[in-house]
Structures are given as C-alpha cells and as structure tokens.
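Let me begin by presenting the structure, written as structure tokens, before commenting on it.
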Protein chains: 2
Amino acid sequence: MTAKSMTRAAFFVLTALADQPRHGYGILREVEELSDGEVLLRVGTLYGVLDRLTADGLIVLDREEVQQGRLRRYYRLTDDGVATLDAEAERMAAGAGAAKRRIAEGRAAHPAPRTSPGHVPPAAPGLAGGHA
Amino acid sequence: MTAKSMTRAAFFVLTALADQPRHGYGILREVEELSDGEVLLRVGTLYGVLDRLTADGLIVLDREEVQQGRLRRYYRLTDDGVATLDAEAERMAAGAGAAKRRIAEGRAAHPAPRTSPGHVPPAAPGLAGGHA
DNA sequence: GCGATATATATCGGCAGCCGATATATCCTG
DNA sequence: CAGGATATATCGGCTGCCGATATATATCGC
C-alpha cells in the first residue's frame with residue numbers, strides 16, 4: 001500500500017511465531033486460536049507467506065524434527081522479524097484508534113440518538129480535541 | 001482471508017469518511033493526513049475501492065457539487081458502513097494487542113537485553129509501549 | 001483390516017485487489 | 001504559456017489469497 005506494509009496473512013504468521021518457534025500446521029492452528037477463531041489461514045496461503053517472509057529475512061528455518069514419522073519444519077522470527085511485527089502492531093493500533101475517534105466525531109455531527117426533539121445538548125464541548 | 005475481512009485500502013477510505021462526507025481527491029489527502037503520511041492511497045486504487053464499497057452498501061453517493069468548474073462527487077458512510085468500520089477497528093486493535101503480548105512472551109523466553117554480563121535491571125517495569 | 005479423520009508437507013490455477021501509467025479538464029501561479 | 005494542484009476515470013500487470021489437489025503417516029472406530 002504505502003512503502004511495504006505487510007499482508008494480513010503475513011501479520012498473523014509472524015504473530016503466531018512471536019512467542020515460540022512453530023511448524024506450518026501448528027501455525028495454522030495457532031492463528032485460529034489466537035484470533036478467537038476469526039482468522040482461518042489456508043494451507044494454500046501459508047507456504048507462499050512462509051517463502052516470502054523467509055526471503056525478506058523476517059523468519060528463518062529453526063530446525064526440522066521427525067515426530068512419529070511426520071516431518072515438522074519449525075520456523076522462528078529473526079530480530080528483524082520481531083521489529084517489523086512490532087512496528088506493524090503499532091501501526092494497526094494507531095489505525096484502529098483513528099477510526100474509533102472519527103466514528104465518534106461523525107456521530108457528534110448528525111443527531112444520532114434522537115431521544116427527544118426539542119433542544120440539542122451543547123454538542124459535546126471539547127471532546128476529541130487533539131486528533132493527532 | 002476469513003469470512004470477509006476488508007482490505008487496507010477500504011479500511012482507510014471508510015476511516016476518512018467516518019467524520020464527514022468527502023470527495024475522491026479529498027479522501028486521498030485525508031488518508032495521508034490521518035495516517036501521518038504513512039499511507040498514500042493511489043488514484044488507481046481509489047475508484048475500485050469506492051465502487052466495491054458502494055456495491056457492498058457501506059458508502060453511498062452523498063451529493064455532487066461543481067466547485068469552480070471542477071466536479072466533486074461526495075461520498076458518505078451508511079449505517080452499515082459505520083458498523084463495519086467499527087467492527088474492523090475492533091479486530092485490528094485486538095490483533096495488535098495479541099502481537100504485542102506475544103512479542104513480550106517471546107522476549108521473556110530467551111535472554112534478550114544482554115546489557116552487561118552481571119545483573120540485569122528489573123527489565124524496565126512498565127515501559128514497553130513507548131517508542132511509537 | 002479398512003475407511004475416516006487428523007497431522008503434515010507441497011504445488012498450481014484462478015481470481016481479487018493495488019499500483020503505475022495514462023487521459024481529460026479546469027484553475028492558479030510564475 | 002508552462003507547470004502544478006485539483007479532480008475525475010480507465011487499463012494492464014503483478015502480487016497475493018484461496019480452493020483444489022496430491023502425498024504420506026498415525027490414530028480411532030467398526
């Protein structure tokens with residue numbers, strides 16, 4: 001969008017890896033859990049994201065294990081990955097805050113509640129002052 | 001990604017329209033301003049987003065003005081648009097919070113700071129948030 | 001033992017969405 | 001008159017997500 005701005009899928013993969021290394025399938029389940037079931041990463045999405053993040057140096061292959069005959073390929077965040085995720089989280093929080101603030105400003109503009117027709121109250125004096 | 005989950009461009013367009021109706025070019029400048037210059041929507045992006053949001057019933061054409069020979073097409077949020085934006089802001093804040101929390105958990109796992117070999121200070125009590 | 005399900009990897013084609021380039025038109029400044 | 005800001009709109013290309021598909025092993029129920 002702007003300079004680089006990561007995709008949603010990439011954000012959630014990084015978030016899933018933020019506390020500890022995980023393997024592909026584990027990331028899928030972890031993303032679902034940490035988002036309260038709202039975000040369901042698809043298998044077809046995962047490996048493309050993993051490749052791109054690796055190419056960008058945000059994650060690295062941590063180790064490979066063979067657990068009961070099944071291969072597990074564990075990835076972990078690099079320092080750069082942590083910093084990038086942190087910055088993105090900051091941006092998202094700022095964006096969410098801006099949206100919330102503006103919704104409130106918009107509600108102040110037009111008579112939303114419509115409790116009783118007569119006089120309108122002084123339209124909320126100082127609120128939302130700064131707005132960044 | 002999941003069910004619907006709007007795109008970043010759509011989110012910022014909705015946010016720009018949250019406080020008052022604006023026309024296309026005004027949205028472009030407003031998004032840049034409200035994001036502190038970090039997000040630069042392109043003209044080529046805008047109209048596709050506007051069409052999609054209109055088709056989804058999240059915005060509507062408010063009015064058309066001719067200001068000094070230049071046409072201005074103003075859009076505004078519908079009630080559905082406000083609700084959708086609000087929900088998305090909530091999701092983003094939750095995601096940002098989850099990422100921050102997990103980064104902190106990850107840092108707790110491995111000895112991050114390494115300031116001086118002896119005793120490490122109590123790891124900075126409340127800070128973390130700072131930097132922005 | 002066999003089929004279904006879960007775990008675990010990987011690839012490919014299609015489609016949606018963002019961007020750069022381009023086009024048109026008016027107004028202002030130098 | 002040239003250049004830039006304002007203001008609209010379109011199109012081709014590339015990136016990225018998803019659904020489908022393939023392969024392989026372990027587990028559980030029947």
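Each chain gets a letter, A, B and so on, in the order its sequence line appears, and its residues count up from 1. These figures come from a predicted structure and were not determined experimentally.
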Length of the line joining [X]:[atom1] and [N]:[atom2], which is rounded to integer Å:
X: B/D51; N: C/dC18; atom1: CG; atom2: C1'; answer: 14 Å
X: B/E32; N: C/dC19; atom1: CD; atom2: C1'; answer: 16 Å
X: B/H23; N: D/dA9; atom1: NE2; atom2: P; answer: 12 Å
X: B/R63; N: D/dA7; atom1: CZ; atom2: P; answer: 13 Å
X: A/F12; N: D/dC18; atom1: CZ; atom2: P; answer: 11 Å
X: A/L61; N: C/dT9; atom1: CG; atom2: P; answer: 11 Å
X: B/R22; N: D/dA7; atom1: CZ; atom2: P; answer: 12 Å
X: B/Q67; N: C/dA25; atom1: CD; atom2: C1'; answer: 16 Å

Taking only Lys NZ, Arg NE, NH1 and NH2, and the carboxylate oxygens of Asp or Glu, determine whether [X] and [Y] approach each other closer than 4.0 Å.
X: A/E105; Y: A/R102; answer: no
X: B/R73; Y: B/E65; answer: no
X: B/E64; Y: B/R70; answer: no
X: A/R91; Y: B/E38; answer: yes

From C-beta outward on [X], which listed nucleotide comes closest to its side chain: [options]?
X: B/Q68; options: C/dC28, D/dT27, C/dT9; value: C/dC28
X: A/R70; options: C/dT9, C/dA8, C/dG17; value: C/dA8
X: A/Y25; options: C/dA6, D/dC17, D/dA7; value: C/dA6
X: B/R42; options: C/dC19, C/dC18, C/dT9; value: C/dC19

[X] vs [N]: side-chain N/O to OP1/OP2 distance below 4.0 Å:
X: A/R52; N: D/dC17; value: yes
X: B/R73; N: D/dA7; value: no
X: B/T7; N: C/dG17; value: no
X: B/R29; N: D/dA7; value: yes
X: B/Y47; N: D/dT8; value: yes

Specify the residue among A/R72 and A/G48 whose closest nucleotide of DNA chain C lies further upstream toward the 5′ end.
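Nearer the 5' end of the strand: A/R72.
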A/D36 CG: over 12 foreign heavy atoms closer than 6.0 Å
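No, because the 6.0 Å sphere around CG of A/D36 holds 12 heavy atoms or fewer from other groups.
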Which part of the nucleic acid does A/V49 contact within heavy-atom distance under 4.0 Å: base, sugar-phosphate only, or nothing?
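The answer is sugar-phosphate, as A/V49 gets under 4.0 Å only of primed atoms, P, OP1 or OP2.
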